[in-house]
Amino acid sequence: MNVRTMNLPSPFNSCKQESQIRREGLRISINKAQQKGFSLIELMVAVTVGLILLAGLSTVFVFSNRTRDETARGIEQVENGRYALQLLKNDLQIAGFLDAFDVANASLAVPSTKPNPCATTVASLVAALPMHIQGYDNGTTLSCLSDVKANTDIVVVRHASTCIAGASNCDYVTSAPYFQASLCNSVSELSSASASDQYRLDSVVTNLNRHQRDCTTLANMRQYLTNIYFIANNDVAGDGIPTLKRAELGANGFSIVPIAEGIENLQLEYGIDTTSDGIPDVFTSNPDIYQSCAGAGCNTHWINTMAVKINILAKSTSKSFGYTDSKTYTLGLDSSGNANTVGPFNDSYKRHVYTAEVRMNNPAGRRQ
């Protein structure tokens, strides 16, 4: 008897099929979860966190830029102030330098009236020769200056160039005034009864005929310089940036050149030697009125000026965010001997005072 074998499900096969069904269901569940995406709340939270991070980064960037700009402003102000002070010091130190010529020994006549610093004729330059320096307290109107800032000082410095015309790096400027100091001990030069024979100051080269010690070789020629320092309201017309400028005497009169931006005020005090020893005995901001002088007496004060106290107020050329300048600044003493103060300005510009005392070596050294 043949018995037909029946394919009945075994327990093992059943378990295997059930496991496959479960795995398939889990796969379908995972796929559905992956396709679900972000909810609205999750998206809002992510956007909020991103905005907070962006705001933080923006704040850091803005403050970093402000700090950088503020540092740049500070560096610029310091550089301008120090440069202006150093340039003034350098020029004042050589005021009255006329090569080997000694103004005091030559006994040149003291001008009866204060020389016009803007005059360019040879006669006017010769007349002003004894005055190595002259100033104007709180400004004035000079024909060779423009845009002068009110209530700031003007100073005129006179001397010969430190380089010899024609030497290396020292050009000869045609038609500019030149100075010659004689070293020839002859009756027509140093031994002459006339002080004018001891030197030559002229813009015509053929008139520069003084000699060296051998009385044959022509003496050195040095360009005669008149520098007028003042504060202008603007560097370039209309920009509102106060600037230290200098009017320079050349072949065609005076030309104005900017020296340092942001120089807002210049106040000077002049040290007068009253005992003829080359040492200043008294300082005043205005020798023109010292001891109620008049005429040649006032010019004698200028001739006896041996030192200068410089007071410079420098400000940044751009505003500082969130800053208000409520300070008061002292720029030496005024003509009455009181503190010369300016401010508060109550604006957003930062300022600093630079000071120095300068000895004018040539007039002071010759007296000592």
Side-chain angles (χ1 to χ4, degrees), residues 4-85 149 231-244 258-265 312-331 341-355:
R4 182 178 294 176
T5 303
M6 297 180 65
N7 293 326
L8 296 175
S10 67
F12 175 77
N13 291 334
S14 298
C15 290
K16 183 177 180 180
Q17 291 175 355
E18 185 177 351
S19 176
Q20 289 176 346
I21 292 171
R22 287 179 179 176
R23 284 199 300 270
E24 185 66 21
L26 179 61
R27 184 182 64 80
I28 294 172
S29 298
I30 292 173
N31 287 340
K32 288 182 177 180
Q34 289 175 341
Q35 295 173 5
K36 185 178 180 181
F38 291 106
S39 68
L40 180 60
I41 294 176
E42 290 172 332
L43 183 61
M44 292 178 65
V45 170
V47 170
T48 302
V49 172
L51 289 175
I52 292 173
L53 292 175
L54 183 60
L57 291 174
S58 298
T59 301
V60 171
F61 179 75
V62 170
F63 276 101
S64 176
N65 279 346
R66 285 180 181 172
T67 301
R68 181 196 62 193
D69 292 343
E70 195 62 36
T71 301
R73 273 191 289 268
I75 292 174
E76 181 187 37
Q77 181 208 67
V78 170
E79 287 180 345
N80 288 340
R82 288 182 176 177
Y83 177 72
L85 185 66
K149 192 174 188 297
I231 305 296
N233 291 301
N234 304 278
D235 179 21
V236 179
D239 66 4
I241 301 176
T243 301
L244 175 66
I259 302 298
E261 292 183 344
I263 308 304
E264 190 173 34
N265 206 327
I312 287 176
L313 180 63
K315 79 169 188 177
S316 57
T317 56
S318 58
K319 296 181 178 180
S320 296
F321 179 79
Y323 175 79
T324 301
D325 185 9
S326 57
K327 300 176 184 177
T328 298
Y329 301 90
T330 300
L331 302 175
T341 59
V342 294
F345 296 93
N346 295 318
D347 56 20
S348 299
Y349 294 95
K350 290 188 176 180
R351 293 173 172 82
H352 189 76
V353 175
Y354 298 86
T355 62

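Bear in mind the structure is a predicted one, so any value in this text is a computation, not a measurement.
- The structure places CG of Leu85 at 7.5 Å from OG1 of Thr355, a figure rounded to the nearest 0.5 Å.
- Residue Pro258 is tested with Leu244, Ile263, Val236, Asp235 for a side-chain contact (heavy atoms from CB on, under 4.5 Å); the sole match is Asp235.
- A distance of 11.0 Å separates CG in Asn234 from CD in Glu261, rounded to the nearest 0.5 Å.
- Judged by distance alone, the side chain of Thr324 and the main-chain N or O of Asn346 form no donor-acceptor pair under 3.5 Å.
- Remark: Leu53 CG to Thr48 OG1 distance equals 11.0 Å, nearest 0.5 Å.
- Taking both residues in full, the closest heavy atoms of Tyr83 and Ala260 are given as CD2-CB, 4.2 Å, listed atom of the first, atom of the second, then distance.
- When side chains are defined from C-beta on, Glu264 counts as touching Phe345, because their heavy atoms get closer than 4.5 Å.
- In this structure the side chain of Asn233 never reaches within 4.5 angstrom of the side chain of Pro242, judged on heavy atoms.
- For Leu54, the CG atom counts as densely surrounded, since its 6.0 Å shell holds more than 12 non-hydrogen atoms of other residues, nucleotides or ligands.
- Within the model, atoms CZ of Arg82 and CD of Gln77 stand 10.5 Å from one another, a figure rounded to the nearest 0.5 Å.
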Run the numbers on Thr330 and Val353 for side chain to side chain contact (heavy atoms under 4.5 Å, CB included), then give the verdict. CA-CA 8 Å; Thr330 300; Val353 175; over 6 Å; no
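- Legend: residues meeting salt bridge (charged side-chain N to carboxylate O under 4.0 Å, His left out) with Asp325, ordered by chain and number and at least two apart, are Arg351.
- Interatomic distance, CD1 of Ile241 versus NZ of Lys315, reported as 8.5 Å (0.5 Å rounding).
- Here the closest non-hydrogen pair linking Ser316 and Tyr349 is O-CD2, 3.3 Å.
- Taking CD1 from Ile231 and CD1 from Ile259, the interatomic distance works out to 10.5 Å, rounded to the nearest 0.5 Å.
- Evaluation of the salt bridge (charged side-chain N to carboxylate O under 4.0 Å, His left out) rule for Lys149 yields no partner, not counting sequence neighbours.
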